There are 2 protein chains.
Amino acid sequence: MASILDVAQASGVSVATVSRALRGLDRVSESTRAKVLAAARELNYVASPTAASLASGRTRIIGVVTPFSDRWYFSTLISGVEKSIRDHAHHVLLLDLEESASGRRSVSHDLVGKRVDGVLVLNMVLDPQEEQVLHDLGLPVVTVGRSYDAWSSVGIDESGTVDAAARHVVGLGHRDIAYVGDVAEDAAYGEVPGQRFGAFRTVLEEAGIPVRREWVRTSDWTSYDAARDARELLSREERPTAVVAGSDEMALGVLAAAVELGLSVPGDLSITGVDDIPMAQTFGLTTVRQDVRAVAERAGDLLMASLGTGRSRPDEPPVPERILLPTELVVRRSTGAPA
Amino acid sequence: MASILDVAQASGVSVATVSRALRGLDRVSESTRAKVLAAARELNYVASPTAASLASGRTRIIGVVTPFSDRWYFSTLISGVEKSIRDHAHHVLLLDLEESASGRRSVSHDLVGKRVDGVLVLNMVLDPQEEQVLHDLGLPVVTVGRSYDAWSSVGIDESGTVDAAARHVVGLGHRDIAYVGDVAEDAAYGEVPGQRFGAFRTVLEEAGIPVRREWVRTSDWTSYDAARDARELLSREERPTAVVAGSDEMALGVLAAAVELGLSVPGDLSITGVDDIPMAQTFGLTTVRQDVRAVAERAGDLLMASLGTGRSRPDEPPVPERILLPTELVVRRSTGAPA
DNA sequence: TTGAAAGCGGTACCAT
DNA sequence: ATGGTACCGCTTTCAA
C-alpha cells in the first residue's frame with residue numbers, strides 16, 4: 001500500500017504539500033496540486049484513515065447506538081443516517097446494544113471512548129450512568145425519539161400519531177374501540193408506547209367514550225403477539241368494531257387475526273396502525289405515516305453540525321434543538337363506518 | 001482522556017509494560033499486572049483504537065458491504081454479523097452501496113482501503129473490477145449468498161427452497177400453479193431469484209405440469225408489486241389454485257390481494273413463500289425457513305478465522321470454504337388441497 | 001520480567 | 001507556496 005511518502009517522492013514535493021494538496025486546502029499552487037493528484041492516482045494512493053485520525057484527533061466515525069438493528073424502524077433509521085452522514089465523509093459504526101428480556105449491554109466508556117467523533121442514540125432510555133459516560137467523553141450527541149436535557153433530538157409528535165388515528169375512527173362513528181400496544185415503559189421501547197396509548201385515552205375521553213380495560217392489550221410490539229391478543233379479543237361475545245394499534249406491525253397482526261376468524265375488514269372491524277411500513281400499503285392499512293428517513297436525515301445533519309473541528313471540542317454546544325417532524329394520516333381501506 | 005503514559009506513570013512502570021499487561025500478554029508478573037489494571041481502572045483508561053491500529057496494522061473493523069441495509073433479510077444479516085464478530089472484539093462498519101434503479105456505488109479502493117481488516121459481501125454481484133480491488137488490497141473476504149472462486153462463502157441451497165415449496169403444493173394436488181418473483185438477474189438481487197424460479201420450473205416439469213407464461217410474474221421482490229401483480233392474475237377468468245412466491249414478502253403481497261378480492265386462503269388459493277420472516281408466522285403462511293442469523297454467524301466466524309495476525313497477511317488463504325445451511329419447509333394454514 | 005526507542009502514516013505548526 | 005518536523009498514542013522489537 002502506497003503511503004504519503006511514496007506520493008511525495010513520486011511528485012517531487014514534501015509530504016506536507018501532498019497532504020494539503022490532497023485535502024483540497026489552499027496555499028497549494030494549481031500546478032503542484034495537479035502533479036500530486038496525478039501521482040496519487042497513479043499509485044492508487046488512499047490516505048490511511050487510521051493515521052489521519054491519530055494525527056487530527058478526528059475519526060470521522062459516528063457511533064450509532066441502537067436497541068435493535070434488525071427491526072424495520074431501526075434499520076430504516078440506520079440506513080438513513082448512513083446516507084446522511086456519508087455526504088459529510090463520515091462513516092457509521094454500528095453499536096447494537098441488543099435489547100432483550102435479560103437486559104442489554106450498556107453505553108460504557110470503552111464502547112465509545114476514543115472511537116467515534118459523535119454518537120447518535122436511537123429511541124433508547126439511557127440510565128444516568130450512561131448519560132454521564134457520554135458527557136465525560138465530551139462527545140457530541142444527538143438523540144432520536146427521546147430527549148435529554150443536554151442534547152439535541154429529533155422525533156415526531158408521538159401522541160399526535162394515535163391521536164389522528166383515534167379521531168379518524170371516532171369520526172367514523174365507532175364507539176367500541178380497542179387498543180393494542182400498551183407496553184409498559186422500559187429501556188427497549190422507550191416512552192413511545194406510553195405516549196401513543198395516552199393519546200388514545202385522551203381522544204376517547206374527550207369523545208365521552210369509556211376506555212374498557214379488557215379492550216386494552218399489551219402485546220409485545222410484534223405482529224405475532226398482536227395477532228394472538230386480537231384472536232382472543234375478537235372471539236369474545238362482545239367485540240369492538242375498531243382496533244387502534246400502536247404500530248403497523250401490530251395492526252397487521254390484528255388484521256391477520258380478523259382474516260383468520262373470517263371477519264371482514266372494514267365491514268366487521270376497522271383497524272388502524274402507525275408508521276406506514278411498506279406492508280401497510282400492501283394490505284391497505286389505514287395508518288399515520290411518519291417519515292423515518294427524514295428523521296434520520298435531520299439527526300445526521302444535526303450531529304454533523306455539532307462536530308467540532310479537530311482536536312478542539314466545541315465549547316458547550318449552543319441550545320439543544322428539538323426537532324419534531326410532522327406525521328400524516330393515511331386513510332386506506334382498513335377503516336370504515338361501523339355496521 | 002487518559003493515555004497509556006498516564007497509566008504508566010500512575011503504576012510506576014513503562015508504557016511497554018502497561019501495554020502488555022492490559023492486553024493480557026505474558027511476561028508480566030502478576031503483581032505488576034494487578035498494579036497496572038488498578039491504575040487503568042482508576043483513570044478510566046481506554047486504549048485508543050486509532051493509535052493501536054496504526055501501530056499494529058490491525059483496525060479490528062470489518063466492512064460489511066450490502067446493497068440495502070433496511071430490508072429484512074439484510075438487516076437481519078447485519079445484525080447477526082455484528083453479534084458474531086463482536087465476540088471477537090471486532091466492529092462493523094456499514095458500507096451500504098445503495099442499490100437502486102440508477103445503479104449503485106461500487107467497491108472502490110478508497111471505500112475499503114486501509115480502513116478495515118476484512119470484508120463481508122452480502123448477496124451482491126461484484127463486477128470484475130471490484131473483485132480486483134479487494135484482491136489488490138489483500139483483504140480477507142467472505143461472501144454471503146453468492147460464491148466467488150477465491151473466497152469462502154456461506155449460503156443456503158437456494159433452489160432447494162422453492163423446490164420444497166413447489167413439491168409441497170404439487171403434492172397437495174395442485175396443477176394450476178403460478179409463480180411470483182422471476183426477477184432478471186442484476187446486481188441488486190444477485191442470482192437468488194433465478195435459482196428459485198429455476199427450481200419451480202424443474203419441479204413442475206418433472207410433475208408433467210406445464211409452466212404457463214402468463215402465470216409467471218416478475219414483481220420487484222416487494223410485497224406491493226406482488227400484490228399488484230396478483231390482483232391482476234387472480235382477476236382473470238382462468239386463475240391458478242396456487243401461487244408459489246420467491247419470498248415471503250411477495251407471498252404476503254399475494255395474500256393481501258386474495259383477501260382484497262374475497263378469495264379464501266387456502267380454500268380458493270394456496271400460497272407459499274420463502275424465508276419465514278416474522279410476519280409469515282403471523283399470517284399463517286406456509287414457507288421454507290432459512291436461518292438468516294445462522295448464516296450471518298457462520299460468515300462472521302469464517303471471516304474471523306481468516307484474519308491474519310497483525311501486519312502480516314496470511315499467505316493465500318487455504319481452500320475457500322463453501323458452507324450451505326439447511327432450510328426447512330414450514331407448513332402452515334395458507335396451503336391446502338385444491339377445491 | 002521490564003524498559004528504551006523506533007516506528008506506524010499522517011496532520012499541523014512554524015519557518016522559509 | 002512549500003518544506004521541516006514535532007507530535008498523535010500505541011505496539012513491537014531488542015536490550016538489559
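Chain A is the first sequence line, chain B the second, and so forth, proteins listed ahead of strands; every chain is numbered from 1. Predicted model, so just to flag it, every value in this text is computed and none were measured. Hydrogens, waters and symmetry mates play no part in the numbers below; they use all other heavy atoms, side chains included.
Within the structure, a side-chain polar atom (N or O) of B/Ser14 is placed less than 4.0 Å from OP1 or OP2 of C/dG3. Contact annotation: B/Thr32 reaches the phosphate of C/dT2 (side-chain N/O to OP1 or OP2, under 4.0 Å). Contact annotation: B/Ser3 does not reach the phosphate of D/dC8 (side-chain N/O to OP1 or OP2, under 4.0 Å). For D/dC8, neither phosphate oxygen OP1 nor OP2 lies less than 4.0 angstrom from any side-chain nitrogen or oxygen of A/Lys114. A sub-4.0 Å separation between OP1 or OP2 of C/dT11 and a side-chain N or O of A/Ser19 is present. When the side-chain nitrogen and oxygen atoms of A/Ser56 are compared with OP1 and OP2 of C/dA12, none of them lie within a distance under 4.0 Å. B/Thr17 has a side-chain polar atom (N or O) that falls below the 4.0 Å cut-off from OP1 or OP2 of C/dG3.
Per the geometry, CD1 belonging to B/Ile4 stands 8 Å off C1' belonging to D/dT11, to the nearest Å. The separation between B/Lys35 atom NZ and C/dT1 atom P is 14 Å, rounded to whole Å. Atoms CZ (A/Arg20) and P (C/dA12) sit 11 Å apart, rounded to a whole Å. We find that CZ of B/Arg23 is positioned 10 Å from P of D/dT13, with the value rounded to whole Å. Atom-to-atom, CZ of B/Arg115 to P of C/dC8 comes out at 21 Å; the value is rounded to the nearest Å. Here C/dA5 presents its P atom at 14 Å from CG of B/Leu5, a figure rounded to the nearest Å. Spacing between atom CE of A/Met1 and atom C1' of C/dC8 amounts to 14 Å, rounded to whole angstrom units. For B/Leu43 and D/dG9, the CG to P distance is 14 Å, given to the nearest whole Å.
At least one donor-acceptor pair under 3.5 Å links the side chain of B/Asp117 to the backbone N or O of B/Thr59.
Closest to the side chain of A/Arg27, from the set D/dA1, D/dC10, C/dA4, is D/dA1. When distances run from any side-chain atom of A/Ala16 to the nucleotides D/dT5, C/dG3, C/dG10, the shortest one goes to D/dT5. Distance from the side chain of A/Ser29 is smallest to D/dA1 among D/dA1, D/dG9, D/dT12.
Counting only N and O atoms by type, the side chains of B/Ser79 and B/Arg293 include a donor and acceptor under 3.5 Å apart.
Between A/Ile323 and the choices A/Val142, A/Val295, A/Val154, the side chain to side chain contact (heavy atoms under 4.5 Å, CB included) rule is met once, by A/Val154. For the pairing with A/Leu77, the side chain to side chain contact (heavy atoms under 4.5 Å, CB included) check across A/Asn123, A/Val64, A/Thr66 returns one residue only, A/Asn123.
Counting non-hydrogen atoms of neighbouring residues, nucleotides and ligands closer than 6.0 angstrom, the CZ atom of B/Arg298 reaches no more than 12 such neighbours.
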